[in-house]
Amino acid sequence: MEVSLDDLEVLEPDAEVLLEFLTRMEFRSLTKRIADGLGVAAPVLPDTDPRGAAPVGQDLPAMPPIDRSAYSVVRDAETLQGWIAQAMARGEVAIDTETTGLNEMTADLVGVSLATGPNMACYIPLIHKAEAGEGLFGSDALAPGQMALEAALALLKPLLEDASVLKILQNAKYDVKILARYGIDVAPIDDTMLMSYAMNAGLHGHGMDALAERYLGHSPIPIKDLIGAGKSQITFDRVKIDAAAPYAAEDADVTWRLWKTFKPQLHGAGVTTVYETLERPLVPVLARMEMAGIKVDRDVLSRMSNAFAQKMAGLEAEIHELAGESFNVGSPAQLGEILFEKMGLPGGQKGKTGKYATPADVLEDLATEHDLPGRVLDWRQLSKLKSTYTDALQDHINPDTGRVHTSYVIAGANTGRLASTDPNLQNIPVRSEEGRRIREAFVADQGKVLVSLDYSQIELRILAHIAGIEALKQAFREGQDIHAATASEMFGVPLDQMTSDVRRQAKAINFGVIYGISGFGLARNLRIPRAEAQGFIDRYFDRFPGIKDYMEETKAFAKSNSYVQTLFGRKIHTPEINAKGPGAGFAYRAAINAPIQGTAADIIRRAMIRMEAAIDGLPARMLLQVHDELLFEVDEGAVDPLIARAREVMEGAASPAVHLDVPIVVDAGQGPNWAKAH
DNA sequence: CATCTCACG
DNA sequence: ACGTACGTGAGATGC
């Protein structure tokens, strides 16, 4: 079966038939690309992936269609007690919270919905505002017919904290954090988003609306229908209860149905252990880290911002002088015109939008020809630091806590890594000296110290283990500088005669291998001829033959299974791996990388999940995760025991599930701020 | 809202 | 012949 985009011209008259056929044949990604190319919508058919959740209506407990008219509004204690009794009797209940915003640290709870079965759902409005003319005290008065917040929560708390009643949520961390601020510690939980992620990472997204459409054949009421969008958007407490109730109850109903769908399929998908040991237990851990936040010194950021602004103004004047005209330095389009048209500098490449591309590596090359590109690079660095860090971070300081509270996305990265948003605290500058100073604004609270522990070369260690590279494993066992050892093995340079340049090249190759190396990519990274780069790769494969075998075996596995796995059984689906065309190359390299990056992600997840018990009793909190680093805040007197316990947990995190042939090593640092601790 | 650019591991 | 390093999130520009 070979279908390429080139065939489309011929087939276009029957495009709909073709697209439906491809969809039924499960060539989803290809179907989507063709549909996009034709500018038509891809047909939506029930999911039929045997590795994922079952198709709509097949092997499922019979569920009646969603009937919003069956939902009810709970307005008094007696009715609420009836719902709670039913939830207790069943031992499981789906929960959803409605709030005034997306930020769990600042949003207020507006209402709670419960579902105990299909169409058996209710909404408990709590602080909806009265409509104009409805209340005595204007628009801030509460609408009538709502239980008092405290009274409702007092009744709900025992249910939500009852160890014998499973609470089913979609994106549980959000609701767990909201309810934690009202003194409720929701447990135990299941999370349909994380079930979907464990089964189908790489296949599709895991948001509720997408899951409802895919697995229930149902489109929930869009939130925009209630609160609008853009400037005129209102908060949920301004939505009429009669409109809010079907929306909110539906979300609980859908969550319950998704759970009923996914729960029996985890085992068949082979990811029960992944879900139960790497996904679900992370929810309360991350919730506590996010609520703890990290103290950020606004004055430090403010001073740096002013200094950056001054330097930028000076650079901008110089740039305009060098260009002979005034233009927006922040506009790549305008800069490209100046560099490649007006000044006639070489190497101008136009992107798909017909404009010149001016990425840093191009400007670095041009810096040998003219002064202007170098000034632009300096300006860009300052612009980035100012806008993304010194300015934007200040807006994220919570006025109540004086701290910055990021939010981790558990089901975002396909490999099992976390992502950090609002703000992203996983990309705070560190590589440049000027940038690193941003970290001086991340400080320990009074009497405390920041402690950073990070895995040393974890991905290379995992590669050495998975691919069985004896020379690499031995180097790690001997505690050698791994890039120098690689360089020595490849180029025959004795370790005591190693130069920084040879080591740098070996380092680039080591990273390249993790990324699914290509001659082209290595050549570009090292700025050497492609043939020379290919020579390096050939030599690497020659000296470390296990690497080549690993790459070939991984590719073959991905091709026949359409997924790859981490050492802990996490599955990362690679649906594009058998596609014809350019997508296959990306999928191939992603398939090489995913088991390595994903295993490292699994290991630090295991460490985080065990960490709280391990440091229990110490005056210390885990604050941040940055892929291979954990950052703690600890009382000054407890630094040493914290480091000892945290290191033990991190270094032993793979055990006992997986035995690694290489030692796992964790480095530690401490200081009054993140710059010093790292 | 897409694109470009750049911050991190 | 062609085009490629893996995984992310966010701000500014400009359609």
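A note on names: the letters A, B, ... follow the listed sequences, proteins ahead of strands, and every chain is numbered from 1.
- Residues forming a side chain to side chain contact (heavy atoms under 4.5 Å, CB included) with A/I397 (at least two apart in sequence, or on another chain): A/V296, A/R298, A/V404.
- Applying the ring pair (Phe, Tyr, Trp, His ring centres under 6.0 Å) test to A/F327 and every residue at least two apart in sequence or in another chain returns A/H320.
- Atom P of nucleotide C/dG9 and atom CZ of A/R417 are separated by 11 Å, given to the nearest angstrom.
- If you check every strand for non-hydrogen atoms under 4.0 Å, A/A601 touches nothing.
- Contacts between residues 428-437 of chain A and DNA chain B, defined by a heavy-atom separation below 4.0 Å, involve A/I428, A/P429, A/V430, A/R431, listed by number.
- In this structure, the ring pair (Phe, Tyr, Trp, His ring centres under 6.0 Å) partners of A/F442, at least two apart in sequence or on a different chain, are A/W674.
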Which pairs of donor and acceptor atoms, one on a side chain in residues 541-558 of chain A, lie under 3.5 Å apart (sequence neighbours left out)?
unit_1	atom_1	unit_2	atom_2	d
A/R543	NH1	A/E489	O	2.8
A/Y550	OH	A/I592	O	2.8
A/T554	OG1	A/Y550	O	2.7

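- The backbone N or O of A/I514 lies less than 3.5 Å from a partner atom in the side chain of A/N593, making a donor-acceptor pair.
- Cation-pi geometry between A/K386 and A/F308 is not met: the NZ or CZ atom fails to fall both under 6.0 Å from the ring centre and inside 45° of the normal.
- Near DNA chain C, defined here as any heavy-atom distance below 4.0 Å, the residues from residues 585-595 of chain A are A/F586, A/R589, A/A590, A/N593, listed numerically.
- Taking a pair as Watson-Crick or G-U wobble with both distances under 3.5 Å, the runs of three or more consecutive pairs in DNA chain C are B:1-9 with C:6-14.
- Within the 3.5 Å criterion, the main-chain N or O of A/L203 finds no donor-acceptor partner in the side chain of A/N200.
- The same atom, P, is picked in C/dT4 and in B/dT3; the two are 15 Å apart, to the nearest Å.
- Minimum heavy-atom separation, A/R417 to A/H627: CD-ND1, 3.6 Å.
- Atom pair A/N525:CG and C/dC6:P shows a separation of 12 Å (rounding to whole Å applied).
- Going from atom CG of A/L102 over to atom P of C/dG9 covers 16 Å, rounded to whole Å.
- In this structure, CG of A/N414 is placed 8 Å from P of C/dG7, rounded to the nearest angstrom.
- For A/A413, the listed nucleotide lying nearest its side chain is C/dT8; candidates were C/dA5, C/dT8, C/dC6.
- Using modelled atom types, no side-chain atom of A/E576 and backbone atom of A/A587 make a donor-acceptor pair closer than 3.5 Å.
- Counting any heavy atom pair closer than 4.0 Å across all strands shown, A/I517 reaches a base atom.
- The residue A/Y389 sits close only to the backbone: its heavy atoms come under 4.0 Å of sugar-phosphate atoms, none of a base.
- With a heavy-atom cut-off of 4.0 Å to chain A, the contacted part of DNA chain B has its first and last nucleotide at B/dT3 to B/dG9.
- A/Y197 places no side-chain N or O within 3.5 Å of a backbone atom of A/Y275 that could act as its donor or acceptor partner.
- Residue pairs meeting the ring pair (Phe, Tyr, Trp, His ring centres under 6.0 Å) criterion with at least one member in residues 348-371 of chain A, sequence neighbours excluded, are A/F340-A/Y356.
- In this structure, A/D602 atom CG and C/dG7 atom P are separated by 16 Å, rounded to whole Å.
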(message) Within the 4.0 Å limit for protein heavy atoms, which parts of nucleotides 10-15 of chain C are touched? Write it as a string from 5' to 3', B for base, S for sugar-phosphate only, - for none.
(response) SSSSS-

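- Judged by distance alone, the side chain of A/T599 and the main-chain N or O of A/P595 form a donor-acceptor pair under 3.5 Å.
- Regarding A/I577, its CD1 atom lies at a distance of 12 Å from the P atom of C/dC6, rounded to whole Å.
- Under the side chain to side chain contact (heavy atoms under 4.5 Å, CB included) criterion, A/N510 pairs with A/L460, A/H483, A/T486, A/Y540, not counting sequence neighbours.
- A/D628 comes within 4.0 angstrom of the backbone, heavy atoms only, and of no base.
- Taking 4.0 Å as the cut-off between side-chain N and carboxylate O, A/E440 and A/R303 do not count as a salt-bridged pair.
- As a whole-Å value, the separation of A/Q349 CD from C/dG3 C1' is 13 Å.
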(request) Could you walk me through whether A/Q534 and A/D538 pass the side-chain hydrogen bond (donor to acceptor under 3.5 Å, both in side chains) test, one step at a time? (result) CA-CA 6 Å; A/Q534 190 58 52; A/D538 292 344; 3.1 Å; yes

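- At whole-Å resolution of the value, CD1 in A/I537 and P in C/dT4 are 16 Å apart.
- Electrostatic pairing of A/R524 and A/D361 does not count as a salt bridge here, judged by no charged N lying under 4.0 Å from a carboxylate O.
- By the ring pair (Phe, Tyr, Trp, His ring centres under 6.0 Å) test, A/F536 is found to be paired with A/F491, residues two or more places apart in sequence or in another chain being considered.
- If you take atom C1' in C/dC2 and the same atom in B/dA7, they sit 31 Å apart, rounded to whole Å.
- Between C/dG3 and B/dC4, the two P atoms lie 16 Å apart (nearest whole Å).
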